[in-house]
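Working notes for the structure below.
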Number of protein chains: 2
Amino acid sequence: MLYMRSIPDDRTTRAVIRDEALRLLAAHGPETVTVRQIAAAAGVSPGLIVHHFGSKEGLRQEVDQYVLDVFEAMLGELTGESGAKLLDPAAGASSLSEVFARHLPDDSPLPTYLRRLLLSETDAGRLLFRRLYDLSRAALDGLATAGLAAPGNDPAVRAAVLLANDLALFLLRDRLTEVLGMDPLSAEGMTRWAPEMLSIYAGGLNAAPPPPQGDTP
Amino acid sequence: MLYMRSIPDDRTTRAVIRDEALRLLAAHGPETVTVRQIAAAAGVSPGLIVHHFGSKEGLRQEVDQYVLDVFEAMLGELTGESGAKLLDPAAGASSLSEVFARHLPDDSPLPTYLRRLLLSETDAGRLLFRRLYDLSRAALDGLATAGLAAPGNDPAVRAAVLLANDLALFLLRDRLTEVLGMDPLSAEGMTRWAPEMLSIYAGGLNAAPPPPQGDTP
DNA sequence: CAGCATGCTAAACAAGCGTTCAGCACTTGT
DNA sequence: ACAAGTGCTGAACGCTTGTTTAGCATGCTG
């Protein structure tokens, strides 16, 4: 057995365990995945996981926090001035999915982990959703101030509707891939999904179909 | 111990086990809930569950099928002629959530079980989603034929968008309840949710706010 | 009334789980 | 060079899991 620990950088054995745990937990969930499976995937013994993280639950919490940090970094680009660009039918139309797609590779386990996080009854999940909701409200506010969208009769609910619609793509990704024959979160899939979504946001279900550059007389 | 089996109706011990399993599985998931927990909730011994259903997995499949049957009966009212009413901004606006709310009590475990079904990688979940997608496509077709909505540039994707938006309410119910301070699937909550949703479908994000009965000059 | 199936329980079983423990290999500070 | 500390393993422990088995009480049928 080789003990390799040449440079004191970040990719320690600890980080490898964290990454493999993230991958497996995203794919199968914390109840299904065993400590032994994670240990095998990381090429270590089960005991080492407890040594590093205290317990299986400790590891899960550390992965949660790690995912939260990564998302927070990505969400940073949506706050402040540029926040109004979110959901803007006229602008580049940066939805959450598009932001994630721009930052993560197509096969990243993070969107799947996000899904589990949002649906799990954990503080991390609640925190993340609250953060996204605040972001959605701020974006709607910005759009309203800029005259690009109406806040509606019930802005709190309208922001929730917009967020829910955006997140549905993550939550139902697998089912949508099955019926559509393509992954709506892939680069190709989004070129079909986003226009339909934005067309509805722009003019509702009755709006005239806009070919690449089209006006209605 | 009493052996009560007076009338040969449906509410057999078997049905009690099925109902308790449904309740517990919806609330905590199949991986978390144990056979002993279900047995205790139903007031029987763990062995009896295996005796009736073969295995824990067998019980889960029977509950899946039972839920599928109940939903199928409810979905029946949406097919055919009346299918066009689904998602119709002008009509009574019967979304999936409203249909379910009309048929089920507020504390029914079925919406929560539906969520798990749709997100689980099971044939039952895939089947149900496919069924709902076909329904959504048919509804959009009907609306288009009636001139009440445009099919969009990509009808297959548009139907998926509408379905995903509808289902998001079920999937994110708990999180939405937290940030909004009310359950959007309750009778009261839907009076706030539906108008915002329909307002967007009717005219997009820029549409003028419609008070109960309002025209735009 | 004998006989057999049915509904059901209590106890036990093997397997798998998360976790603990004793100890080896190696690095670091003195 | 020696002691202390870290990273890590392999085996074991106690517990819980789904499932099996033996057997009892009841109801149906000839």
Side-chain angles (χ1 to χ4, degrees), chain A residues 1-66 116 120-122, chain B residues 1-66 116 120-122:
Chain A
M1 211 75 4
L2 297 177
Y3 292 91
M4 48 184 80
R5 179 96 198 307
S6 45
I7 44 175
D9 68 347
D10 180 69
R11 196 144 291 293
T12 52
T13 305
R14 210 187 132 94
V16 172
I17 295 175
R18 198 226 304 118
D19 291 346
E20 289 301 316
L22 167 54
R23 200 174 51 84
L24 285 170
L25 290 175
H28 308 110
E31 290 90 8
T32 304
V33 173
T34 70
V35 172
R36 277 167 237 259
Q37 280 177 299
I38 299 172
V44 301
S45 72
L48 187 62
I49 289 182
V50 177
H51 174 68
H52 275 311
F53 301 95
S55 66
K56 180 188 181 180
E57 172 65 18
L59 171 58
R60 218 212 65 215
Q61 284 181 18
E62 187 143 327
V63 174
D64 278 3
Q65 191 55 54
Y66 174 72
R116 286 199 191 274
S120 75
E121 302 286 333
T122 64
Chain B
M1 208 80 356
L2 297 176
Y3 292 89
M4 48 185 81
R5 181 92 197 310
S6 43
I7 43 176
D9 68 348
D10 180 70
R11 195 146 290 292
T12 52
T13 305
R14 208 187 134 95
V16 172
I17 295 174
R18 197 227 304 119
D19 290 347
E20 289 301 316
L22 167 54
R23 201 175 51 84
L24 285 170
L25 289 175
H28 307 108
E31 289 91 7
T32 304
V33 173
T34 70
V35 173
R36 277 166 238 260
Q37 282 177 297
I38 299 173
V44 301
S45 74
L48 187 60
I49 290 181
V50 176
H51 174 68
H52 275 310
F53 302 94
S55 65
K56 178 188 182 181
E57 173 65 16
L59 171 57
R60 218 213 63 217
Q61 283 181 19
E62 187 144 327
V63 174
D64 279 3
Q65 190 56 53
Y66 175 74
R116 286 199 192 275
S120 74
E121 302 288 333
T122 65

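By convention in this document, chain letters (A, B, ...) are assigned in the order of the sequence lines, proteins followed by strands, and residues within each chain are numbered from 1.
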I want to check something: taking the side chain as every heavy atom from C-beta on, are R23(B) and E20(B) in contact at a cut-off of under 4.5 Å? yes
For a quick test of reading the model, state the closest non-hydrogen atom pair linking R11(B) to D19(B) and the distance between them. NH1-OD2, 3.0 Å
Can you tell me how far C1' of dT20(C) sits from CD1 of I49(A), to the nearest Å? 15 Å
Distance to the ring centre below 6.0 angstrom and angle to the axis at most 45 degrees; does that hold for R18(B) and F53(B)? no
With distance as the sole test, does R116(A) use its side chain to make a donor-acceptor pair with the main-chain N or O of L25(A) at under 3.5 Å? yes
The nucleotide from dT19(D), dC8(D), dT19(C) with an atom nearest the side chain of L48(A) is dC8(D)
Given dC8(C), dT19(C), dT19(D), identify the nucleotide with an atom nearest to the side chain of K56(B). dT19(D)
Could you tell me how far apart F53(A) (CZ) and dT19(C) (C1') are, to the nearest whole angstrom? 16 Å
Expressed in angstrom and rounded to an integer, what is the separation of E31(B) atom CD from dG18(D) atom C1'? 14 Å
Distance check needed: dT19(C) C1' versus R60(A) CZ, whole Å only. 18 Å
Let me spell it out: for each of T34(A) and R14(B), pick the nucleotide of DNA chain C with the closest heavy atom. Which residue's pick is nearer the 5' end? R14(B)
Answer yes or no: are there more than 12 heavy-atom neighbours, outside H52(A) itself, under 6.0 Å from its atom NE2? yes
So that I can tick it off, tell me whether R14(B) and E62(B) are bridged by a salt bridge, with the cut-off set at under 4.0 angstrom between side-chain N and carboxylate O. yes
Between the base of dG18(D) and the side chain of R36(B), is one N or O donor paired with an acceptor at under 3.5 angstrom? yes
Figure out the NE2/C1' separation between H52(A) and dC8(D), and round it to whole Å. 8 Å
All stems with DNA chain D, defined as three or more consecutive Watson-Crick or G-U pairs under 3.5 Å: C:3-28 with D:3-28
dC8(D), dT9(C), dG18(D): which one has an atom nearest the side-chain heavy atoms of T13(A)? dC8(D)
Closest approach of A39(A) to S45(A) (non-hydrogen atoms, all atoms of both residues): CB-C, 3.8 Å
Out of dG7(C), dG7(D), dT19(C), minimum distance to the side chain of H51(A) belongs to dG7(D)
